[in-house]
Amino acid sequence: MILETIKTPGLSHLSYLVGAGGKAAVVDPRRDCEIYLEKARAAGLEITHILETHRNEDLVSGSPILAAMTGAKVLHGPNPERPVVFADTARDGDTVDIGQLRIEVIETPGHTDDHLAYAIHDTEYPDGAVGVFTGDALFVGDVGRTDFYPDRKREVAGLLYDSLQKLLGLGDQAIVYPAHGAGSVCGSGMAEREFSTIGHERRNNPRLQFSSRDKFIAFKIDENHYQPPYFRLMEQLNMDGAAPAPRVLRPRVLSLAQLREAECDRLVDVRDPLAFASGHLGGSMSLPTGMISAFAGWFIGEENRIGLVASDQAQLAAAMEHLARIGFDRIAGGYVGVVPAAAGGADMRTIPMVRTGTVAHRLEEDEGEWTLLDVRDADERASGAIDGSLHLYVGHLNEGWRDLDPARHYTLMCASGMRATVAAGWLASRGFEHLDIYLGSMGAWSRAHG
């Protein structure tokens, strides 16, 4: 018997291979899904079932692709927004036998209307569930967001509360296997670990400590979440079925001349933020590799042709991998060699970094043509902000940049400077020239001012 977690970096997505008796099931596979077939074959298992907990919003499902590769049956929950054409509908109480394991379907709506959890029972030890694949209903340290149905806020929050009671009813011994871990956009308070039990969550998960259903609902209604535009693309692909990822997840390496001739809609520099700020190709935006999954969907459209700029070819490959997992395949190629480009006289730009003393001085002097622009999320802003700063969430700059004055001087800040670099790079690519980045941002300000 095996149960293996397959983690997708960047997205903090967790999928699973569970097998026994020569058979296996895969739970919530990602788009580049050869890894499941390879692991199953290495263990002598045949993948017979693919279990979807819900239609994911933040990544492309690999279910139809893996089904075509293996002949496995795909199961999805009832009440999707439109038919999931590649899946059969599973309902409360249905079971799937995988060797000595019996996997039981539990309808758990709330995060999405079609959400399912799957309880794992070992028939040789029948006293209670061994574990449960909780999808995005229950995380380690958090529960699922309920903002995808804005016209039904109270109803869906109540549905999630009821679903969580079902999961708690499985018993304290059950191990929790969620679909996402810390860093995912699907929750905001997840613990920095991927292992827990129902009993531990019952006692320690802050979202399970409310004394009543009404108090839970009130809390969920007041939560603040952001929905990148690419979520709509994920919904479409995950109901209609996406095409396989490109067979070679390594972009064509271009010369600087070829990069220019490619006429890309988005020139994306995936290097470290400090490297980008120190020198980048004119017209490029900053999206460090580790931040692509979180922010590419705000600034890149499905129709956009993408050119990549990286430090080396491994970084190019990692960037393409992240982009393919969220459905952005129109990659013209990648360029490596910013320093040689500068030496060759290419159009290079820089964005200065400023420290706390400079920001404090500007605030004291009340410079009329300068704005400190805070691009953190609303919850961060509410917990502490610098007087005199303007707030505009980094993702909302995708359109919000049009309301800013290109002639004005902006200093971008976040919690550390990472997202501020993404914001500054985007504004620079839109033609803003009077920019700098607060190095250390709110972290540095808090240390200096208490």
Side-chain angles (χ1 to χ4, degrees), residues 2-19 24-42 45 47 49-70 72-77 84 86-87 111-112 114-116 118 133-136 139 144 177-187 190 194 228 230-231 233-250 289-297 302 317-329 331:
I2 67 165
L3 199 163
E4 185 167 352
T5 304
I6 293 90
K7 185 172 181 178
T8 305
L11 289 164
S12 297
H13 166 244
L14 305 173
S15 54
Y16 302 92
L17 175 71
V18 55
V26 175
V27 183
D28 289 330
R30 68 193 189 200
R31 187 185 185 194
D32 48 323
C33 53
E34 290 81 2
I35 186 171
Y36 308 104
L37 192 56
E38 291 169 0
K39 287 181 176 292
R41 287 179 175 172
L45 301 171
I47 297 173
H49 289 82
I50 300 166
L51 311 178
E52 293 203 324
T53 58
H54 64 296
R55 55 129 174 91
N56 276 285
E57 299 279 345
D58 64 322
L59 79 159
V60 178
S61 169
S63 294
I65 303 154
L66 187 59
M69 295 167 65
T70 62
K73 182 178 183 179
V74 182
L75 297 181
H76 193 96
V84 180
F86 52 84
H111 173 67
T112 59
D114 57 356
H115 199 285
L116 298 177
Y118 297 91
F133 299 111
T134 57
D136 280 11
F139 301 120
Y177 298 103
H180 288 92
S184 167
V185 297
C186 296
M190 299 182 206
E194 293 159 11
Y230 91 102
F231 275 13
L233 172 62
M234 298 302 96
E235 290 176 8
Q236 173 202 331
L237 294 176
N238 291 341
M239 288 185 281
D240 296 345
R247 290 191 62 83
V248 179
L249 286 174
R250 184 176 289 271
T289 304
M291 301 174 76
I292 285 174
S293 300
F295 294 108
E302 180 187 10
M320 183 172 178
E321 195 172 70
H322 287 313
L323 288 166
R325 287 171 179 159
I326 55 175
F328 297 132
D329 296 341
I331 299 173

### Check: Ala182 main-chain N/O paired with Ser12 side-chain donor or acceptor under 3.5 Å
yes
### Task
Report the relative orientation of the aromatic rings in His54 and His115; use parallel for angles under 30°, tilted for 30 to 60°, perpendicular for over 60°.
parallel
### Query
Picking from Val60, Asn56, Ile326, what satisfies side chain to side chain contact (heavy atoms under 4.5 Å, CB included) with Leu237?
Val60
### Query
What distance separates Thr8 OG1 from Leu59 CG, expressed to the nearest 0.5 Å?
6.5 Å
### Message
Does any part of the side chain of Val27, heavy atoms only, come nearer than 4.5 Å to the side chain of Tyr177, both counted from C-beta?
### Response
no
### Message
Show the nearest heavy-atom pair for residues Ile65 and Ala242, with the distance to one decimal.
### Response
CG1-O, 3.7 Å
### Residues Leu45, Ile2; criterion side chain to side chain contact (heavy atoms under 4.5 Å, CB included); working and verdict
CA-CA 10 Å; Leu45 301 171; Ile2 67 165; 3.6 Å; yes
### Query
Between Arg31 and Ala324, is there a donor-acceptor pair closer than 3.5 Å when you use the side chain of the first and the backbone of the second?
yes
### Query
Quick one: are Tyr16 and Leu3 in side-chain contact, heavy atoms under 4.5 Å?
yes
### Message
Between His76 and Phe86, does the side chain to side chain contact (heavy atoms under 4.5 Å, CB included) criterion hold? Intermediate values first, please.
### Response
CA-CA 9 Å; His76 193 96; Phe86 52 84; 5.7 Å; no
### Any Arg325 side-chain heavy atom under 4.5 Å of His13 side chain
no
#### Entry: Atom pair CG (Leu66) and CD (Glu34), whose distance is rounded to the nearest 0.5 Å
9.0 Å
### Query
Donor-acceptor pair, Tyr118 side chain versus Gly135 backbone, under 3.5 Å?
no
#### Entry: Leu116 side, atom CG; Thr134 side, atom OG1 - distance, nearest 0.5 Å
12.5 Å
#### Entry: Any donor-acceptor N/O pair, Ser15 side chain to Ile6 backbone, under 3.5 Å
yes
### Query
Which pair of non-hydrogen atoms, one from Gly62 and one from Cys33, has the smallest distance, and what is that distance?
O-SG, 4.0 Å
### Query
By side chain to side chain contact (heavy atoms under 4.5 Å, CB included), which residues pair with Ala294, not counting sequence neighbours?
none
### Task
Could you check if a side-chain atom of Asp28 sits within less than 4.5 angstrom of a side-chain atom of Glu52, using non-hydrogen atoms only?
yes
### Query
If every non-hydrogen atom of Gly181 is compared with every non-hydrogen atom of Leu14, which pair is closest and at what distance?
N-CD1, 4.0 Å
### Message
To check you understand the geometry: which heavy-atom pair defines the closest contact between Ser63 and Ile50, and what is its length?
### Response
OG-CG2, 3.4 Å
### Message
I'd like to know if the side chain of Asp58 reaches the main chain of Met234, judged simply by a donor and an acceptor atom lying under 3.5 Å from each other, with no hydrogens or angles considered.
### Response
no
## Note on the structure
One should read off an interatomic distance between Glu302 CD and Leu233 CG, to the nearest 0.5 angstrom, of 4.5 Å
### Which atom of Ile47 lies closest to which atom of Ala72, heavy atoms considered
O-CB, 3.6 Å
### Query
To the nearest 0.5 Å, what is the distance between CD1 (Ile35) and CG (Leu17)?
9.5 Å
### Query
If only atom types and distance count, is the side chain of Asp32 paired as donor or acceptor with the main-chain N or O of Ala245 below 3.5 Å?
no
### Query
If you measure from NE2 on His180 to CE on Met190, what distance do you get to the nearest 0.5 Å?
7.0 Å
### Summary
Looking only at heavy atoms, the pair that brings Ala319 and Thr289 closest together is N-CG2, 4.1 Å
